[in-house]
Amino acid sequence: MDRGDQVAWTSICPRITGKIRWPLRVICVWGLVIGSGCIPALTRWASDGWVADYDAAEQRQRESGRELLVFYKDTRPGVDTSMEKALASSPAKELIRGYVRCRLFKSYEPDRRYVAQYGIDRAPALILVHRDGTFHARSGLMSTAKLVAFLADAKPPGARPVINPYIPRRPRYDWHGSIEEAQQVARLTGRPLLVVFYRTLSRDWQELNKLLSRHEVYRRFADMVPCRIGLTSLSADAYITRFGALKLPAIVIADCDGTRHVLELPTSYEAVVRFADAARRQKHTSPSASTAASEP
């Protein structure tokens, strides 16, 4: 629903409601919501232990260290719902109790892009994402017995997802406080390491956070393992780090093969975007090379 539709409906509703404006206004709004396909976006709250938001589900998985179970469903009228009943059966409920559980919807385009990372292009389907980032997935209707068998057989390691950096996400970095801790997660998951260095007694972090929160920047960094390191001295021209002497603030991308890319003194989100894109291109064209970039 665009802005024009909103204006049109808010102007029409009062004229047709008379003295009972409020109930009919609610009906008008919900009619527009349903018609625009916004239901999944509004249904992010947990229901019977399930959450309808991949961002929230991934956050819960990171915080809890549990495996993530995604149920991808078709909500069109008349669609077979036997798989949903199977998931609600006693044997299945007991088995999935320990998972982070997420319902996603075929009618919602970002959800379609999300499950496509795991090789899923039709509903219903189940995706089990393990702690190591690998997964097992299966499409098609499943009885309770088949569902239980699938979960019992889905032992890590599984396949690696094909990460889509263009999936809409709310900017939310799960920052690590030490490089060693972040490197361990990066090695375990096969993801690049993102390290941000800044001076703690300055406005470095406030300015960096504005740049990193831009949608254009976040979608390029969302699949990386983030780490932020604050350094205290304000008088040094450069700071000695394990990535060399750096002028702060600085952003470092370190790949699992040892390649690193450095951006010193970023001044705009466009500079960060160009840096991230150059690092990604370099990784695909010349894995053994290292690059450095700076913004005066």
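Within the 4.5 Å cutoff, no side-chain heavy atoms of Cys227 are placed close to those of Leu194. Cys102 has its side chain out of reach of Asp53: every pair of non-hydrogen atoms, C-beta onward, lies at least 4.5 Å apart. With a 4.5 Å cut-off on side-chain heavy atoms, Leu193 and Gln183 count as touching. Two residues are said to be in side-chain contact when any heavy atoms from C-beta on lie closer than 4.5 Å; Ile229 and Ile179 meet this criterion. With a 4.5 Å cut-off on side-chain heavy atoms, Trp50 and Leu87 count as touching. Under the 4.5 Å side-chain criterion, counting only non-hydrogen atoms from C-beta, Val70 is not in contact with Phe135. When side chains are defined from C-beta on, Trp205 counts as touching Arg228, because their heavy atoms get closer than 4.5 Å. Looking at heavy atoms from C-beta onward, Tyr54 lies in side-chain contact with Pro168 at the 4.5 angstrom threshold.
Asp55 places a side-chain N or O within donor-acceptor distance of the main-chain N or O of Arg170, the cut-off being under 3.5 Å. Of the possible donor and acceptor atoms, one in the side chain of Thr134 sits under 3.5 Å from a partner among the backbone N and O of Gly158. Of the possible polar contacts, one joining the Arg113 side chain to the Tyr166 backbone as a donor-acceptor pair under 3.5 Å is found. Under the 3.5 Å distance criterion, the side-chain polar atoms of Glu264 are left unmatched by any main-chain donor or acceptor of Ala250. At least one donor-acceptor pair closer than 3.5 Å links the side chain of Arg220 to the backbone N or O of Glu216. Of the possible polar contacts, none joining the Asp74 side chain to the Lys106 backbone as a donor-acceptor pair under 3.5 Å is found. Not a single donor-acceptor pair under 3.5 Å links the side chain of Gln117 to the backbone N or O of Pro161.
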Could you give me the CA-CA distance, side-chain angles and deciding distance for Tyr173 and Tyr218, then say whether ring pair (Phe, Tyr, Trp, His ring centres under 6.0 Å) is met?
-> CA-CA 9 Å; Tyr173 295 89; Tyr218 182 73; 5.0 Å; yes

Step by step, work out the salt bridge (charged side-chain N to carboxylate O under 4.0 Å, His left out) result for Glu63 and Arg60.
-> CA-CA 5 Å; Glu63 292 173 350; Arg60 286 189 183 184; over 6 Å; no

Derivation of the side chain to side chain contact (heavy atoms under 4.5 Å, CB included) call for His176 and Val185 = CA-CA 10 Å; His176 294 273; Val185 175; 3.9 Å; yes

Please walk me through it: do Met83 and Phe71 pass side chain to side chain contact (heavy atoms under 4.5 Å, CB included)?
-> CA-CA 9 Å; Met83 191 162 161; Phe71 173 41; 4.1 Å; yes

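A salt bridge links Arg103 with Glu84: at least one charged nitrogen is closer than 4.0 Å to a carboxylate oxygen. Between Glu207 and Lys210 there is a salt bridge, with a side-chain nitrogen of the basic residue lying less than 4.0 Å from a carboxylate oxygen of the acidic one. Ion pair Asp255/Arg191 not flagged as a salt bridge, since none of the NZ, NE, NH1 or NH2 atoms sits closer than 4.0 Å to an Asp/Glu carboxylate oxygen. One finds a salt bridge joining Glu58 and Arg169 here, because a Lys/Arg side-chain nitrogen approaches an Asp/Glu carboxylate oxygen to under 4.0 Å. A salt bridge is defined here as a Lys NZ or Arg NE, NH1 or NH2 lying under 4.0 Å from an Asp or Glu carboxylate O, and Glu109 with Arg112 fails to meet this definition.
Note that the NZ atom of Lys247 and the CG atom of Leu263 stand 12.5 Å from one another [nearest 0.5 Å]. Taking CG of Leu212 as the reference point, atom CD1 of Ile251 lies at 5.5 Å (rounded to 0.5 Å). In this structure, CG on Asp111 lies 9.5 Å from CD1 on Ile167, to the nearest 0.5 angstrom. We find the OG-CZ distance between Ser213 and Arg172 to be 12.5 Å, quoted to the nearest 0.5 Å. To the nearest 0.5 Å, the span separating CG on Asp174 from CZ on Arg62 amounts to 5.0 Å. For the atom pair CG (Leu95) and NZ (Lys93), the distance works out to 13.0 Å, reported to the nearest 0.5 Å.
Annotation for Phe105 and Ala52: closest pair CE1-CB, 3.7 Å, computed over non-hydrogen atoms. Residue Ala279 comes nearest to Ile253 through the heavy atom pair CB-CD1, 3.9 Å, listed as atom of the first residue, atom of the second, then distance. Residue Val272 comes nearest to Pro266 through the heavy atom pair CG2-CB, 4.0 Å, listed as atom of the first residue, atom of the second, then distance. For the residue pair Gln61 and Val129, the shortest heavy atom distance occurs at NE2-O, 3.3 Å. Closest of all the heavy-atom pairs between Thr189 and Arg160 is O-NH1, 2.8 Å. Taking both residues in full, the closest heavy atoms of Leu211 and Ser268 are given as CD2-C, 3.7 Å, listed atom of the first, atom of the second, then distance.
If you chain together hydrophobic residues whose side chains sit under 4.5 Å apart, Val273 and Val196 fall into the same group. Leu128 and Tyr72 are not part of a single hydrophobic cluster, where members link through side-chain heavy atoms under 4.5 Å apart. Follow the hydrophobic side-chain contacts under 4.5 Å out from Phe221 and you reach Trp175 in the same cluster. Under a hydrophobic clustering in which Ile, Leu, Val, Met, Phe, Trp and Tyr are joined whenever their side-chain heavy atoms come within less than 4.5 Å, directly or via other members, Leu126 and Tyr99 fall into the same cluster. Linking Ile, Leu, Val, Met, Phe, Trp and Tyr residues whenever their side-chain heavy atoms come within less than 4.5 Å places Ile120 and Tyr114 in a single cluster.
For Asp223, there are no side chain to side chain donor-acceptor pair (under 3.5 Å) partners, not counting sequence neighbours. With sequence neighbours excluded, the residues forming a salt bridge (charged side-chain N to carboxylate O under 4.0 Å, His left out) with Glu180 are Arg242, listed by chain and number.
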All N/O donor-acceptor pairs, side-chain side in residues 138-152, below 3.5 Å, sequence neighbours left out:
{"unit_1": "Ser143", "atom_1": "OG", "unit_2": "Lys146", "atom_2": "N", "d": "3.3"}
{"unit_1": "Thr144", "atom_1": "OG1", "unit_2": "Ser89", "atom_2": "OG", "d": "3.4"}

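When each of Val195, Leu246, Val252 is paired with Thr241, the side chain to side chain contact (heavy atoms under 4.5 Å, CB included) condition holds for Leu246 and for no other.
Taking the ring axis of Phe243 as reference, the NZ or CZ atom of Arg260 does not stay both within 45° of it and closer than 6.0 Å to the ring centre.
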